[in-house]
Number of protein chains: 2
Amino acid sequence: MKDVAARAGVGLKTVSRVVNEEPGVTPDTAARVQAAIDALGFRRNDSARLLRTRRTASVGLVLEDLADPFYASLSRAVEDVARAHGALLFTGSSTENPRREQELVLAFCARRVDGLVVVPAGDDHRYLVPEIDAGVATVFVDRPAGRIDADVVLTDNAGGTRAGVAHLIAHGHRRIGFIGDQPGIHTAAERLRGYREAMADAGIDVRPQWYAMGPTTPQRVQAVLASMLSGPEPVTALLAGNNRVTVTAVRVLSGRPEPVALVGFDDFELADLLDPPVTVVAQDAPGLGRTAAQMLFRRLDGAATGTSRVELPARLIPRGSGEIPPSS
Amino acid sequence: MKDVAARAGVGLKTVSRVVNEEPGVTPDTAARVQAAIDALGFRRNDSARLLRTRRTASVGLVLEDLADPFYASLSRAVEDVARAHGALLFTGSSTENPRREQELVLAFCARRVDGLVVVPAGDDHRYLVPEIDAGVATVFVDRPAGRIDADVVLTDNAGGTRAGVAHLIAHGHRRIGFIGDQPGIHTAAERLRGYREAMADAGIDVRPQWYAMGPTTPQRVQAVLASMLSGPEPVTALLAGNNRVTVTAVRVLSGRPEPVALVGFDDFELADLLDPPVTVVAQDAPGLGRTAAQMLFRRLDGAATGTSRVELPARLIPRGSGEIPPSS
DNA sequence: CAAGAGATGGACAACGTTGTCACGATCAGG
DNA sequence: CCTGATCGTGACAACGTTGTCCATCTCTTG
């Protein structure tokens with residue numbers, strides 16, 4: 001900018017005015033400055049600018065895994081809202097690792113992002129208190145923050161599984177299985193809760209071997225499912241607690257003679273092309289991202305009200321696999 | 001930092017030294033400074049730091065759509081490499097819009113990112129020359145840059161379709177269709193070229209109604225495919241030029257009585273669960289991202305050699321749909 | 001013609017860091 | 001005890017902007 005000023009024969013501030021289209025510059029002078037800018041290929045250094053103005057026009061997004069389709073569409077929604085507000089987006093994957101989550105969040109804070117959208121991996125976010133006090137708007141999404149009070153946008157997970165299980169019950173099932181992720185994960189716990197509630201509502205006594213929580217690797221899901229399907233009281237229907245479980249379940253079930261009803265949690269592309277088409281409880285990933293981002297910018301725009309908690313409904317989409325009647 | 005210095009009763013620079021773990025500070029002083037830091041909840045402002053050091057430790061990633069699984073895994077790979085080099089990642093979706101691409105790229109440049117990974121949407125990147133000259137390392141991925149010489153990492157698209165078509169020919173097909181994306185998109189043009197080459201290699205005269213390039217909306221693909229399957233010389237096999245085409249093709253073909261062989265370009269989750277399982281030519285999305293990011297950092301680490309062009313192979317994965325024999 | 005108003009332009013400090021350099025204290029060797 | 005090296009520390013400028021404030025110049029108006 002100094003160079004531009006020298007070349008145009010004007011003061012530093014005048015160049016700044018031209019660059020920012022501030023009033024008070026003769027068209028003549030402005031043209032001379034613009035010529036110098038073009039000749040030198042000058043571009044304003046936003047880092048320096050933002051150091052001065054104390055707003056970085058950027059937000060940080062921390063999620064579990066950018067490559068997961070669910071989080072990918074969530075990101076995209078956050079990005080769209082950020083763009084509408086003229087902000088750029090930092091993204092980072094925590095890979096379900098609390099330490100990594102904290103590293104990312106603090107790195108973003110050190111960059112002085114205006115706000116954060118976080119899919120928490122850990123269960124203690126007290127480390128964020130100084131940052132939030134310092135003015136970093138923060139919204140949690142998909143899972144609540146741990147041990148601090150903060151804005152959060154969630155799917156109604158319990159309601160979702162409740163609806164899924166009720167759907168199976170309505171189709172005549174009583175021995176219904178549930179395979180969920182690690183119980184430490186909030187969404188997994190909530191989904192289990194919904195399962196229990198729906199079973200209780202129907203007056204069904206849940207056998208311990210009907211549900212399992214743990215890592216959702218194909219091997220483990222396969223083993224767990226096999227054991228649910230054998231024994232004296234085999235399940236006739238399964239509620240799969242997440243996408244990975246659903247996929248493995250489809251594989252396992254397609255290789256078995258007796259039909260088993262299946263409802264998956266989380267929609268996925270091509271679910272309607274499988275045989276049978278897979279009934280799911282769908283989350284609104286873009287909706288989560290959009291809502292979270294909107295809350296963030298509302299807060300940045302000054303709405304300094306207390307923290308709020310929004311729950312988005314999950315939607316049951318019947319496609320076939322969830323409407324299979326009990327085989328015995 | 002000023003506050004910390006005051007509280008600890010030391011100079012500004014000493015605090016800086018402690019924060020950056022530079023040598024030459026008595027353990028005693030360091031402890032005092034650290035105490036002040038903790039008490040004040042101080043965190044270094046990286047924006048200011050990077051203004052001074054002229055390295056932002058961040059790279060910008062511009063791609064077509066973050067929500068697309070292909071680009072999502074590409075992003076993730078770029079992120080992993082960036083992380084290994086201690087850099088943060090800005091991401092933005094161009095939505096296949098050249099103006100938007102340019103806006104994003106220039107916004108990243110104004111933030112003084114160290115480097116850029118770009119999936120180009122436009123076909124003229126001369127606007128980037130001043131930036132590259134100014135030292136912004138730039139690598140294009142998935143598609144080459146337009147009208148400038150720059151590093152690029154590509155899939156061997158022509159080789160991929162060539163392999164796919166050859167596979168169909170080996171299974172007895174001669175009337176083979178191809179539905180591709182808009183011809184202006186480099187990857188689409190290359191895939192068409194591979195199709196033509198493979199057909200020519202087999203001495204097959206390609207009828208004009210056997211291939212079509214254009215927007216890959218379900219409606220259009222459906223219409224085009226229907227016309228390919230009718231008439232005096234209907235195709236007995238189809239090579240789908242991208243994911244969206246493949247999905248629509250599966251839908252259309254599953255509703256028809258006569259079996260039609262199908263090879264899709266780009267792998268997708270659950271392809272093996274469909275009936276029949278879908279044979280694809282798979283791209284290595286993480287490989288593209290990883291390679292591009294590695295080239296970027298190699299360049300940042302000083303390797304100022306000429307530009308290079310890397311082509312990653314595409315891999316044919318037979319699963320069933322591509323091995324269906326001709327129906328007539 | 002004097003004086004006030006409005007337009008135009010620039011000097012300077014500040015944002016929060018780090019690099020450079022110089023200063024004083026301590027220490028080893030002669 | 002002196003000399004020179006080494007160590008710890010801090011003052012200061014600089015990075016590239018913008019906000020504040022003041023100076024100048026040109027009108028308009030009484």
Side-chain angles (χ1 to χ4, degrees), chain A residues 1-37 40-58 106-114 130-131 134-136, chain B residues 1-34 36-37 40-58 86 106-114 130-131 134-136:
Chain A
M1 192 179 251
K2 217 166 41 183
D3 301 340
V4 174
R7 184 180 179 114
V10 300
L12 217 47
K13 182 63 201 191
T14 302
V15 178
S16 173
R17 273 193 268 262
V18 172
V19 170
N20 296 302
E21 299 178 347
E22 285 172 30
V25 181
T26 341
D28 184 41
T29 317
R32 230 169 52 245
V33 171
Q34 191 57 52
I37 287 176
L40 265 47
F42 166 81
R43 187 168 325 282
R44 180 179 63 195
N45 183 333
D46 273 345
S47 297
R49 150 172 242 246
L50 300 167
L51 170 61
R52 190 66 171 89
T53 58
R54 329 195 51 147
R55 266 198 125 233
T56 58
S58 57
L106 293 183
F108 291 157
C109 288
R111 292 292 219 288
R112 294 296 188 269
V113 292
D114 294 333
E131 314 298 335
V136 181
Chain B
M1 191 178 252
K2 216 167 36 185
D3 300 339
V4 173
R7 185 183 178 109
V10 301
L12 216 49
K13 182 64 202 191
T14 301
V15 178
S16 174
R17 272 193 269 262
V18 172
V19 170
N20 296 302
E21 300 179 347
E22 286 173 29
V25 181
T26 336
D28 182 42
T29 319
R32 230 169 53 246
V33 171
Q34 191 59 52
I37 288 176
L40 266 47
F42 165 81
R43 187 168 324 283
R44 179 177 66 194
N45 182 333
D46 273 345
S47 296
R49 152 171 241 246
L50 299 166
L51 170 61
R52 190 65 171 86
T53 58
R54 328 193 52 145
R55 266 198 126 232
T56 59
S58 58
L106 293 183
F108 290 158
C109 289
R111 291 290 218 289
R112 295 296 190 269
V113 293
D114 294 333
E131 314 298 336
V136 181

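Residue numbers begin at 1 in each chain, while the letters A, B, ... track the order of the sequences. Every value quoted in this text rests on a predicted model; they were computed, and no experiment measured them.
Bounding nucleotides for the chain A contact on DNA chain C, 5' to 3', at a heavy-atom distance below 4.0 Å, are C:dT8 to C:dG16.
Judged as a side chain to side chain donor-acceptor pair (under 3.5 Å), and not counting sequence neighbours, A:Thr14 has no contacts. By the side chain to side chain donor-acceptor pair (under 3.5 Å) test, A:Thr53 pairs with no residue at all, sequence neighbours left out. In terms of the side chain to side chain donor-acceptor pair (under 3.5 Å) criterion, residue partners of A:Gln34 (sequence neighbours excluded) are, by chain and number, A:Asp38. With sequence neighbours left out, the side-chain contact (heavy atoms from CB on, under 4.5 Å) criterion links A:Ala8 to A:Val10, A:Val33, A:Ala36.
Overall, the helix from C:dC1-D:dG30 to C:dG30-D:dC1 carries an axis bend of 50° between its ends, with five pairs at each end and the value rounded to 10°.
Taken residue by residue, residues 22-36 of chain A places heavy atoms nearer than 4.0 Å to DNA chain C at A:Gly24, A:Val25, A:Thr26, A:Thr29. Residues from residues 3-14 of chain A with heavy atoms under 4.0 angstrom of DNA chain D, sorted by number: A:Leu12, A:Lys13.
Side-chain atoms of B:Arg54 do not come within 3.5 Å of backbone N or O of B:Leu51 as any donor-acceptor pair.
Counting non-hydrogen atoms under 4.0 angstrom, B:Arg44 reaches the backbone sugars and phosphates but no base. B:Arg43 comes within 4.0 angstrom of the backbone, heavy atoms only, and of no base. When heavy atoms are screened at a 4.0 angstrom cut-off, B:Asp46 is found touching no nucleic acid atom at all. Residue-level contact check: B:Arg54 touches the backbone only, with heavy atoms under 4.0 Å from sugar-phosphate atoms and none from bases.
When each of B:Arg49 and B:Arg17 is assigned the nucleotide of DNA chain C bearing its nearest heavy atom, the one mapping closer to the 5' terminus is B:Arg49.
Residue pairs meeting the side chain to side chain donor-acceptor pair (under 3.5 Å) criterion with at least one partner in residues 1-11 of chain A, sequence neighbours excluded, do not occur; the list is empty.
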Which donor-acceptor pairs under 3.5 Å do side chains of residues 40-47 of chain A form with protein atoms, sequence neighbours excluded?
| residue | atom | partner | partner atom | Å |
| --- | --- | --- | --- | --- |
| A:Arg43 | NE | B:Glu131 | OE2 | 2.7 |
| A:Arg43 | NH2 | B:Glu131 | OE2 | 2.3 |
| A:Arg44 | NE | A:Asp46 | OD1 | 3.1 |
| A:Arg44 | NH1 | A:Asn20 | OD1 | 2.4 |
| A:Asn45 | OD1 | A:Ser47 | N | 2.8 |
| A:Asn45 | OD1 | A:Ala48 | N | 3.2 |
| A:Ser47 | OG | B:Arg111 | O | 3.1 |

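For the atom pair CE of B:Met1 and CG of B:Leu12, the computed distance is 6.5 Å after rounding to the nearest 0.5 Å.
Counting all heavy atoms, side chain and backbone alike, A:Val25 lies closest to A:Arg17 at CG2-CB, 3.8 Å.
Protein atom NZ of B:Lys2 is 17 Å distant from nucleotide atom P of D:dG10, rounded to whole Å.
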